[in-house]
Chemist: 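Structure in structure tokens, see below.
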2 protein chains.
Amino acid sequence: MTVTIKDIAKAVGVNPSTVSRVINGTASISEETKEKILQVMKELDYHPNSLARSLVNGSTFTIGLVIDAGNKDAFSNAFFIQSVIAIESVAQSKGYSVLITNHSLSDSSNIKNLVQERKVDGIILPVQCMTGELIDLMTSSDFPFVVMGEPQEKRSDISWVDVDNEQGSRQAVECLIKSGYKSPMLLVENRNTIFESKRIKGFEDECKAQKIKTSGIHTFSEEKIEMLIDEIQKKERDTDSFICSNNVIAFKVLKAIKARKISVPKQIGVITFDNYPLAEYMEPALSVVDVDTYKMGETAAELLLRSIRGKEKKIKSRLVDAAIIERESTKRKTK
Amino acid sequence: MTVTIKDIAKAVGVNPSTVSRVINGTASISEETKEKILQVMKELDYHPNSLARSLVNGSTFTIGLVIDAGNKDAFSNAFFIQSVIAIESVAQSKGYSVLITNHSLSDSSNIKNLVQERKVDGIILPVQCMTGELIDLMTSSDFPFVVMGEPQEKRSDISWVDVDNEQGSRQAVECLIKSGYKSPMLLVENRNTIFESKRIKGFEDECKAQKIKTSGIHTFSEEKIEMLIDEIQKKERDTDSFICSNNVIAFKVLKAIKARKISVPKQIGVITFDNYPLAEYMEPALSVVDVDTYKMGETAAELLLRSIRGKEKKIKSRLVDAAIIERESTKRKTK
DNA sequence: ATAGGCAATGCAAACGTTTGCATTGCCAAA
DNA sequence: TTTGGCAATGCAAACGTTTGCATTGCCTAT
């Protein structure tokens, strides 16, 4: 049926082991036989069976990628697919395949299955999955894995990749200042998440460095926004720009501002984290702190593969730079 | 190291084949030994090695999923992830794993690799991938595969899943009529694609059925839209609503209309294909023809697995219903 | 001329399963 | 009492590779 190494061997009149050695370049073989073997391989359209291979050498050349199916947030999903593509891409370039699995918080059996039965060589998983049981499971063995997103609790035995939220936040402030805004406000969703706290720190640091008096940090809610903007309109506060921690906040802010006939970017500037594809179609087109999710995936995959292949014991984590994409919503100055 | 079937056998004092039979329930085993074996399996935390298994029984219980990495369109990507999740979900429920690979139009080596070396049992691939070489490759053998999206050329030997564009288009018309609009126009991107032609047909059929005089079908371009809307404003045409073939068209139309201070939905109604997550945050919130991409993935996976398992020779294709989500942009009547 | 070394290859076991066939009892039917 | 059948299990080959060890020549240094 399918042609095996034995068929090649028989056709050439040589031992299977010789064919194997030619394929893997794992011993010196005479030019003559090598060529004959290669030719027959081509003629019979031979392809090595990776199963048999894996069975003997104990490595499947496969990595597991768990995706957070529970996450109905279309926003993060849209981003995530770029990471998936990136991961597959670097994996493939090193000869690895990618096995995906959904993860439900309730049980981790599918992840275990990847490791224990499918024998993947390593795993990439989103930080949302790193709940109690799974953390123990992963860190207790020295099984290679990389987390997408910085874990809440600081642990030295977890290797992760995340965007540099602190730097992104600093850049957002810088962008506003450069455009002539003087009193930015940071709107966050939940101060307790790690990425929000980083953004807060970046915001505070950069404002201090730029020696400006900020309008502070506020937790977003629709009512609060209405109130704040009313105050701005009545000149009761001198806030002149918002940094929004995600696109939905930005849309709502924009809506509230426009409802009051206040001009963006002339009177108020708006910049937001997350470059959701439609952001550029908004009116005005939204300036954003862009996260290169492709790069994140790429980095995660590289980290994982290095850990798998090199058996590096030192666990590394990495921050990926955020980048400002300046559109209309912050263009106060006409340069 | 890892515990194998032999370890179990030795511990119980029985032959490995007996253990295997217990695991697979493939022969009658005395209650007594069966229980002893199951217990030892639990004690030693045994997990079958799927590689060895696959090697002998010739099936990997793995399906390949190819994703179109070349597709930089964030819109379709955002949708696609839901299909991925669905596919993995049904696969898992039947004991299958999912191996993903990117596909570049230039060569199909990575897809071949899945089949020839990784030995997947079947493949799901987006219609964009079905170019010449690959069509031949897939249809020449009787290897199970399902295409996401209806192929351009009608072939009876290709099994595919797509959304019912014709029905979606009819529903869009119906929605507009019900809201009191009288003369809808369909805006498409490229008449030659199969899905556009279906939408055109659905549009024409429903308009005929409803006995209304349509404003026809137009290929979208920014200039043409400006012109058309100018004409509407000058009462030179009685078009009172647009069905847009994708979200970007809809945004541009909305923008052009609003720039002329024409009211949506009062004067002009707008409905669009593709429920891009932000559509509901637009002003006014966009009514859409929603495609259940999760359902599409689910259907594709079910089709594929049935073909793999049942070895059904009859190739089936399926249409998934589209559904209208009525938001603000078509609410002319206040019911 | 002889020993030692190395290049080129063969042999067979191993990876962890499954499965067809053979074997062993035991029980019921004749 | 013999025979036939069936339930319960063992034996060994097979799946397609890789790899340590053994073997065969041949070449070179002594």
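Letters go in sequence order (proteins before strands), and every chain restarts at 1.
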Chemist: Which of residues 26-50 of chain A have a heavy atom under 4.0 Å from DNA chain D?
Modeler: A/Y46, A/H47, A/P48, A/N49

Chemist: So that I can tick it off, tell me whether B/E133 and B/K112 are bridged by a salt bridge, with the cut-off set at under 4.0 angstrom between side-chain N and carboxylate O.
Modeler: yes

Chemist: Which one of A/V14, A/V12, A/V22 satisfies the side-chain contact (heavy atoms from CB on, under 4.5 Å) criterion with A/K36?
Modeler: A/V12

Chemist: Of the options A/T139, A/L303, A/V115, A/I308, which is the one that meets A/F145 in a side-chain contact (heavy atoms from CB on, under 4.5 Å)?
Modeler: A/T139

Chemist: Cut-off 3.5 Å, side chains only: do A/S17 and A/N15 have a donor facing an acceptor?
Modeler: yes

Chemist: Is the backbone of A/V90 close enough, under 3.5 Å, to the side chain of A/S93 for a donor and an acceptor to pair up by distance?
Modeler: yes

Chemist: With each end axis built from five pairs of C1' atoms, what bend angle do you get for the helix from C/dA1-D/dT30 to C/dA30-D/dT1? Round to 10°.
Modeler: 50°

Chemist: Any donor and acceptor pair, going by atom type alone, linking the side chain of B/E88 with main-chain N or O of A/N102 inside 3.5 Å?
Modeler: yes

Chemist: Please check if the side chain of A/T62 supplies one atom and the backbone of A/T60 the other of a donor-acceptor pair under 3.5 Å.
Modeler: yes

Chemist: Which residues in residues 13-23 of chain A have at least one heavy atom lying under 4.0 Å from any atom of DNA chain D?
Modeler: A/S17, A/S20, A/R21

Chemist: Which ring pair (Phe, Tyr, Trp, His ring centres under 6.0 Å) pairs, counting each pair once, include a residue from residues 93-130 of chain B, with sequence neighbours left out?
Modeler: B/F61-B/Y96

Chemist: Determine which pairs satisfy ring pair (Phe, Tyr, Trp, His ring centres under 6.0 Å) with at least one residue from residues 3-58 of chain B, sequence neighbours left out, and list them in order.
Modeler: none

Chemist: Checking A/E43 against A/Q39: is there a side-chain donor and acceptor pair closer than 3.5 Å?
Modeler: yes

Chemist: Using chain A heavy atoms and a threshold of under 4.0 Å, write down where along DNA chain D the contacts begin and end, 5' to 3'.
Modeler: D/dG16 to D/dG20

Chemist: For the OG1 atom of A/T101 and the CD1 atom of B/I85, what is their distance to the nearest 0.5 Å?
Modeler: 11.0 Å

Chemist: Verify the distance criterion only: is there a donor paired with an acceptor across the side chains of B/S97 and A/R118 at less than 3.5 Å?
Modeler: yes

